[in-house]
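Quick notes on the structure that follows.
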Amino acid sequence: MFSNDNVLKPFSFNVKVPPGVIDKPDNHVHRNLSSMKGQYFDQEAYDRMLQREDTLVYEVYEKLVPEIPGELIQGLSIVHPGKVGNEYFMTKGHYHSVLGTGELYYCLQGHGYMMMETHEGEWAAEELIPNRAVYVPGRWAHRSINIGDVDLIMLFVYPAIAGHDYGTIERKSFREMVINQDGKTVILDNPRWMTQ
Ligand code: PAN
Ligand code: ZN
């Protein structure tokens with residue numbers, strides 16, 4: 001993490017897609033199935049899959065900057081293809097701790113959805129295809145979901161002060177889920193969603 005005394009100089013970095021890497025990331029996060037307990041609808045399928053292997057579901061590469069107003073964190077999010085039962089691989093999803101901070105995503109490869117919702121119960125899903133940008137306004141929780149057969153790769157940019165609130169989604173889940181039903185991708189009400 002950057003301390004506030006660090007003076008930030010302009011910089012650039014190369015993005016390589018595929019495979020979905022950036023030069024000299026400050027952080028490389030691995031999220032495996034075991035870190036997503038309770039998030040997938042089909043709990044039995046989740047347990048069975050985890051018994052076989054703690055599969056890598058998604059990765060994040062970050063370029064860090066001082067966490068002060070005005071600075072922007074950027075990086076790549078890579079959601080691997082796969083399903084737990086009929087539900088597609090996805091990120092944990094979160095609200096920003098500073099609720100009013102937004103985020104821009106730019107899809108570089110793959111096919112998916114950005115699932116979003118507010119504390120007030122509104123929800124929205126935007127389709128992710130290569131060269132499409134999705135804007136997540138402040139106040140909206142967001143989760144990316146890979147509905148394709150290849151890695152879903154997105155560049156993201158968000159305010160360095162945003163912070164992450166994972167707890168709310170871990171407790172309540174998302175209102176809608178994206179599953180494969182008889183070979184078709186559908187968005188359905190999530191029975192695990194809690195209103196409070
Ligand atoms: C992204 C996400 C990234 C992984 O950088 O952190 O896609 O998703 P989770 O953080 O939900 O595990 C972002 O939205 N940052 O704010
Ligand atoms: Zn975010």
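As the structure lists them, so they are numbered: ligands from 1, and atoms in each ligand from 1.
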[X]: numbered ligand 1 atoms lying under 4.0 Å from its heavy atoms:
X	result
Val60	3 (C), 4 (C)
Phe156	5 (O)
Tyr105	1 (C), 2 (C), 7 (O), 13 (C), 14 (O)
His142	14 (O)

Q) Is the number of heavy atoms from other residues, nucleotides or ligands within 6.0 Å of CD (Glu176) greater than 12? A)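 Atom CD in Glu176 is crowded, with more than 12 foreign heavy atoms closer than 6.0 Å.
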Part of [X] with heavy atoms under 4.0 Å of ligand 1, whether side chain, backbone, both or neither:
X	answer
Glu62	neither
His164	side chain
Arg143	neither

What protein heavy atom is closest to [atom], reported as residue, atom name and distance in Å?
atom	answer
atom 8 (O) of ligand 1	Thr91 CB, 3.5 Å
atom 10 (O) of ligand 1	Tyr166 OH, 2.5 Å
atom 7 (O) of ligand 1	Ser77 OG, 3.0 Å
atom 12 (O) of ligand 1	Tyr58 OH, 2.5 Å
atom 13 (C) of ligand 1	Glu103 OE2, 2.9 Å

So, taking the atom named [atom1] in [X] and the one named [atom2] in [Y], what distance separates them when rounded to the nearest 0.5 Å?
X	Y	atom1	atom2	value
Met90	Tyr40	CE	OH	4.5 Å
Thr185	Ile147	OG1	CD1	4.5 Å
Asp42	Asn86	CG	CG	7.5 Å
Leu76	Leu155	CG	CG	6.0 Å

(Q) If hydrophobic clusters are built from ILVMFWY residues whose side chains come within less than 4.5 Å, do Ile73 and Ile153 share one? (A)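 They do share one cluster, since a chain of ILVMFWY contacts under 4.5 Å joins Ile73 to Ile153.
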Q) Which residue, Asn27, Val29, Val79, Thr91, forms the side-chain contact (heavy atoms from CB on, under 4.5 Å) with Val60? A)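 Looking at Asn27, Val29, Val79, Thr91, the match for Val60 under the side-chain contact (heavy atoms from CB on, under 4.5 Å) is Val29.
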Q: Go through the side-chain N and O atoms of Ser97 and Asp165 and say whether any donor and acceptor fall under 3.5 Å apart.
A: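 Ser97 vs Asp165: no donor-acceptor pair found between side chains.
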Q | Salt-bridge criterion met for Lys92 and Glu170 (N-O under 4.0 Å) | A |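 The answer is yes: the pair qualifies as a salt bridge.
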Q) Can any side-chain N or O of Asn14 pair as donor or acceptor with the backbone N or O of Asp23 at less than 3.5 Å? A)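 Checked: no pair found.
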**Q.** Heavy-atom closest contact (Met115 atom, Ile145 atom, distance)
**A.**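 Minimum heavy-atom separation between Met115 and Ile145: CB-CD1, 3.9 Å.
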Q.
At less than 2.8 Å, how many protein N/O/S atoms surround the Zn ion (ligand 2)? Leave waters out.
A.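 Total protein N/O/S atoms under 2.8 Å from the Zn ion (ligand 2): 4.
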Q.
If you apply the rule salt bridge (Lys or Arg N to Asp or Glu O under 4.0 Å), what do you find for Arg175 with Glu122, and how did you get there?
A. CA-CA 9 Å; Arg175 186 176 190 137; Glu122 254 188 295; over 6 Å; no
Q) Taking N or O atoms only and a 3.5 Å limit, does Gly93 qualify as a polar contact for ligand 1? A)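 Yes; the residue has a nitrogen or oxygen that sits under 3.5 Å from a nitrogen or oxygen of the ligand.
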Q.
Evaluate His94 for polar contact with ligand 1, using N/O atom pairs at a separation under 3.5 Å.
A.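 So ligand 1 has an N or O lying under 3.5 Å from an N or O of His94.
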Q | Pairs flagged by salt bridge (charged side-chain N to carboxylate O under 4.0 Å, His left out) wherever residues 104-117 is involved - sequence neighbours left out | A |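 Passing the test, one end in residues 104-117: no pairs.
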